[in-house]
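Here's the structure we're looking at; comments come further down.
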Amino acid sequence: GENVEQHPSTLSVQEGDSAVIKCTYSDSASNYFPWYKQELGKRPQLIIDIRSNVGEKKDQRIAVTLNKTAKHFSLHITETQPEDSAVYFCAASKAGDYKLSFGAGTTVTVRA
Amino acid sequence: EAQVTQNPRYLITVTGKKLTVTCSQNMNHEYMSWYRQDPGLGLRQIYYSMNVEVTDKGDVPEGYKVSRKEKRNFPLILESPSPNQTSLYFCASSPTQGTGEQYFGPGTRLTVT
């Protein structure tokens, strides 16, 4: 089955700096890569996703890049703010498959 | 309001006492799924359902059962809970299969002593 590895497990950044989280996946057939944000005590919520026919996708201060050859994808958060402090999960799945495999999560702390 | 609900939100029980965690969605989604969240392990899929009466195992199905008799409901059943099933459980639903946004419920914190 799919194996998704996520790094780093914790990340502390100064407010205003950028944060980058990286994930690798094992199944070359995977073609859908979402990112979920989970604030303390809350449920995970989708913040951005990318499909394999796209190399990069942006939404305001967040962006995701995908390298299918290397089987890795990354989340970039620019101009970090205190409200970006949360746990971020990457995930992978493929068309025709009903399973979604998550990474172990990255705890991001934005220091004021 | 479109939502996924779970009950109970918190549960403390003893080893071997059967329990059911309910999950309901009002968005007419075909796809529903159960996850457990443990520190350092992320979210692991327990079971999923593609439609009424169609379910399949995820990555960690041992010790769990599910049923999907109605489109809106997808209960998780622990017939003989054990301490290693102490975890935070999330139900999720999606209008598509695995390749679309999943809407998570609020979570159920289960402790088995």
Side-chain angles (χ1 to χ4, degrees), chain A residues 1-10 21 23-27 29-54 57 59 64 66 73 75 86-107, chain B residues 1-7 9-10 23 25 27 29-52 54-61 66 68 74 87-109:
Chain A
E2 175 68 276
N3 181 42
V4 179
E5 294 191 355
Q6 183 171 348
H7 300 278
S9 57
T10 60
I21 304 169
C23 289
T24 61
Y25 60 99
S26 61
D27 189 343
S30 290
N31 60 357
Y32 175 66
F33 308 93
W35 286 88
Y36 284 81
K37 175 183 179 182
Q38 185 181 28
E39 297 177 354
L40 189 62
K42 300 290 183 64
R43 70 194 77 187
Q45 291 189 297
L46 181 73
I47 54 171
I48 195 167
D49 57 10
I50 191 168
R51 298 179 191 274
S52 60
N53 57 345
V54 176
K57 185 176 179 181
D59 183 2
V64 57
L66 171 65
F73 56 112
L75 178 72
V87 180
Y88 292 81
F89 294 99
C90 63
S93 71
K94 56 188 176 184
D97 192 347
Y98 295 90
K99 297 179 68 173
L100 184 61
S101 298
F102 282 85
T106 297
T107 301
Chain B
E1 178 190 356
Q3 60 182 347
V4 179
T5 57
Q6 293 178 230
N7 282 291
R9 296 288 315 280
Y10 303 91
C23 173
Q25 51 95 3
M27 295 171 280
H29 288 169
E30 292 188 349
Y31 178 90
M32 297 185 75
S33 186
W34 275 103
Y35 297 88
R36 60 178 289 174
Q37 183 176 7
D38 302 289
L41 297 177
L43 291 153
R44 294 180 293 168
Q45 196 169 38
I46 303 170
Y47 269 95
Y48 56 91
S49 170
M50 298 77 88
N51 213 325
V52 175
V54 184
T55 63
D56 205 350
K57 297 176 181 178
D59 293 321
V60 289
V66 293
R68 187 91 181 273
F74 189 43
S87 187
L88 177 60
Y89 291 87
F90 286 101
C91 177
S93 73
S94 173
T96 59
Q97 54 190 30
T99 58
E101 179 173 4
Q102 298 209 21
Y103 296 84
F104 284 84
T108 295
R109 174 76 64 183

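Reminder, nothing fancy here: chain letters follow the sequence lines and each chain counts from 1. Scope of the values below: all heavy atoms of this structure, side chains included, with no hydrogens, waters or symmetry mates. Owing to the predicted nature of the structure, the values given are computational and were not obtained by experimental measurement.
A pairwise comparison of heavy atoms in A:Q38 and B:F90 identifies NE2-CZ, 3.4 Å as the closest pair. Contact detail for B:G42 and A:F89: the closest heavy-atom pair is CA-CE2, 3.6 Å.
Using a 4.5 Å heavy-atom cutoff, the side chains of B:Y35 and A:L100 are in contact. Residues A:K99 and B:D59 have side chains in contact (heavy-atom distance under 4.5 Å, counting atoms from C-beta outward).
Rounding to the nearest 0.5 Å places CZ of A:R43 at 8.0 Å from CD of B:Q6.
Only the backbone of B:L41 comes within contact range of chain A, judged by heavy atoms closer than 4.5 Å. Of the two parts of B:Q45, only the side chain, counted from C-beta on, holds a non-hydrogen atom closer than 4.5 Å to a non-hydrogen atom of chain A. When heavy atoms are compared at a cutoff of 4.5 Å, B:F104 approaches chain A by way of both its backbone and its side chain. Proximity to chain B (any heavy atom under 4.5 Å) is shown, for A:F33, by neither the backbone nor the side chain.
Atom CZ of A:R51 has more than 12 heavy atoms from other residues, nucleotides or ligands within 6.0 Å. By the 6.0 Å contact criterion, CD on B:Q3 is enclosed, its count of non-hydrogen atoms from other residues, nucleotides or ligands being greater than 12.
Chosen from B:G105, B:G107, B:G58, B:G40, the residue pairing most often with chain A at heavy-atom distances under 4.5 Å is B:G105.
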